[in-house]
Undergrad: 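Can you read through this structure? Questions will come right after.
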There are 2 protein chains.
Amino acid sequence: MKSAISEATTQRLSLLLRGLKALEAEGLTTASSALLAERFSLNSAQIRKDLAHFGEFGVRGVGYRVADLRSKLQALMGLSTPRTVVIVGAGNLGLALADSRNFNNESFKVAALFDVDGRKIGSRSKTGVPIRAVSELPQALSAMGATIGALAVPPDAVREMALTLAAGGVKGLLNFAAAPLAPIPGVVVKNVDMALFLEGLTFQLASASS
Amino acid sequence: MKSAISEATTQRLSLLLRGLKALEAEGLTTASSALLAERFSLNSAQIRKDLAHFGEFGVRGVGYRVADLRSKLQALMGLSTPRTVVIVGAGNLGLALADSRNFNNESFKVAALFDVDGRKIGSRSKTGVPIRAVSELPQALSAMGATIGALAVPPDAVREMALTLAAGGVKGLLNFAAAPLAPIPGVVVKNVDMALFLEGLTFQLASASS
DNA sequence: CATTGTGAATCCGTTCACAGCG
DNA sequence: CGCTGTGAACGGATTCACAATG
């Protein structure tokens, strides 16, 4: 069990990885922390500190080898082998996520959607992700080897579905419902509450004008 | 111009407001900070500190009047009068947001979607939100009096659309693209990067098992 | 007298600044 | 010589603990 890495560091490293991919595509082979900081509007010391949690990656007097750091970061963040994702709830949001680039790339692949609505079951999302019955979840999860789940269901169904996913071996959960999901042992839970984003916006607007 | 309120405080107050509504529906008229803290897994002192930024709301020896605090909070966060929202990008995500409860309630109302795809223009989302041409944005914005915009467009269109919205009087922007939107003067911007949530999850999983 | 509002103490992340090194 | 890696300083947010008070 590694010492905990802060949420902020995690996000910056994700951003950094994305940026490194772009630099690599541009053909840059080497980059200093100052360059990286400038490109991604961060502080150079912060980049070095973030990386220092995991070892030494740079070359003094030179900077970082872009391709090298990119692949090491990818491995560190658990993104080098693709993960199977399942989405529970085939409403508008669930369908949007299932077809989204964010959930289907080198690192993630949506294997199936699950819903309780008999009219949806058996059909597919636009890109072809099958919609199956939630009753099939327990068997399907182990068959697919899913490790990540996304919950796009009504608030009152969240906890039950989360526990079903956890029992089926899912280790990470993204909860999109407007009801925070209490911690589940052995599972990393991240609540993504859209209402909070929107209200945060109006809050700042209200504060700024008084 | 009020002194800045931290992001964390903002989120907690949103959550608190939501909780107060629930308590009010349950018929509770009074609640201590300890009770609130317990219900929403927070620290009671934190709740009091958060509220202290804005004045004194409680009654010593008693606690807080639920309905009273609820309405004061609502006003403070700029949620007492409904705001008009426009969504740019009528892809899966844009459509999902347009029909979502989070964007259509007492405080927010989606007036229209905008897209560049001629085949979509003129049609409507499932709940009836009209899809219009982005070329109409400038006129439409002032006509509708929209103050909030959501960007669900490809990364390379983000900045242009953001500037168009800003020019049309939009004061708050939610950006769902996987490319952070640099600050725009006079506009509050919130980047909501789904990829970051997903990667954050795998990162924690990778860290926990080493 | 129970509970708020708040100064003081603590914790944690960020920034600075420089020693160490390729 | 230039840039990394890092100990030390800083600052903001959380938590503690208690005096103030309806």
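A, B, ... follow the sequence lines: proteins, then strands. Residue 1 opens every chain. These figures come from a predicted structure and were not determined experimentally.
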Undergrad: Can you tell me which residue pairs pass the side-chain hydrogen bond (donor to acceptor under 3.5 Å, both in side chains) test with a partner in residues 189-199 of chain A, sequence neighbours excluded?
TA: A/Glu7-A/Lys190, A/Asn175-A/Asn191, A/Asp193-B/Arg18, A/Glu199-B/Ser14
Undergrad: How long is the line joining CG of B/Leu42 and C1' of D/dT15, in whole Å?
TA: 13 Å
Undergrad: Is the closest basic N to carboxylate O distance between A/Lys126 and A/Asp99 below 4.0 Å?
TA: no
Undergrad: Test of understanding: with ring pair (Phe, Tyr, Trp, His ring centres under 6.0 Å), list the residues that count as partners of B/Phe114, not counting sequence neighbours.
TA: none
Undergrad: What does nucleotides 4-12 of chain D look like as a protein-contact string, B for base, S for sugar-phosphate only, - for none, at under 4.0 angstrom between heavy atoms?
TA: BBBBB----
Undergrad: Does any non-hydrogen side-chain atom of A/Val88 lie less than 4.5 Å from one of A/Leu137?
TA: yes
Undergrad: If the condition is salt bridge (charged side-chain N to carboxylate O under 4.0 Å, His left out), which residues does B/Lys109 pass it with, not counting sequence neighbours?
TA: none
Undergrad: Under a criterion of less than 4.0 angstrom to any heavy atom of chain A, what are the 5'-terminal and 3'-terminal contacting nucleotides of DNA chain C?
TA: C/dG13 to C/dG22
Undergrad: Mind running side chain to side chain contact (heavy atoms under 4.5 Å, CB included) on B/Thr10 and B/Met77 for me, showing each step along the way?
TA: CA-CA 9 Å; B/Thr10 308; B/Met77 312 210 304; over 6 Å; no
Undergrad: Who are the side chain to side chain donor-acceptor pair (under 3.5 Å) partners of B/Thr202, not counting sequence neighbours?
TA: none
Undergrad: So do A/Leu198 and A/Met194 actually touch side chain to side chain, heavy atoms under 4.5 Å?
TA: no
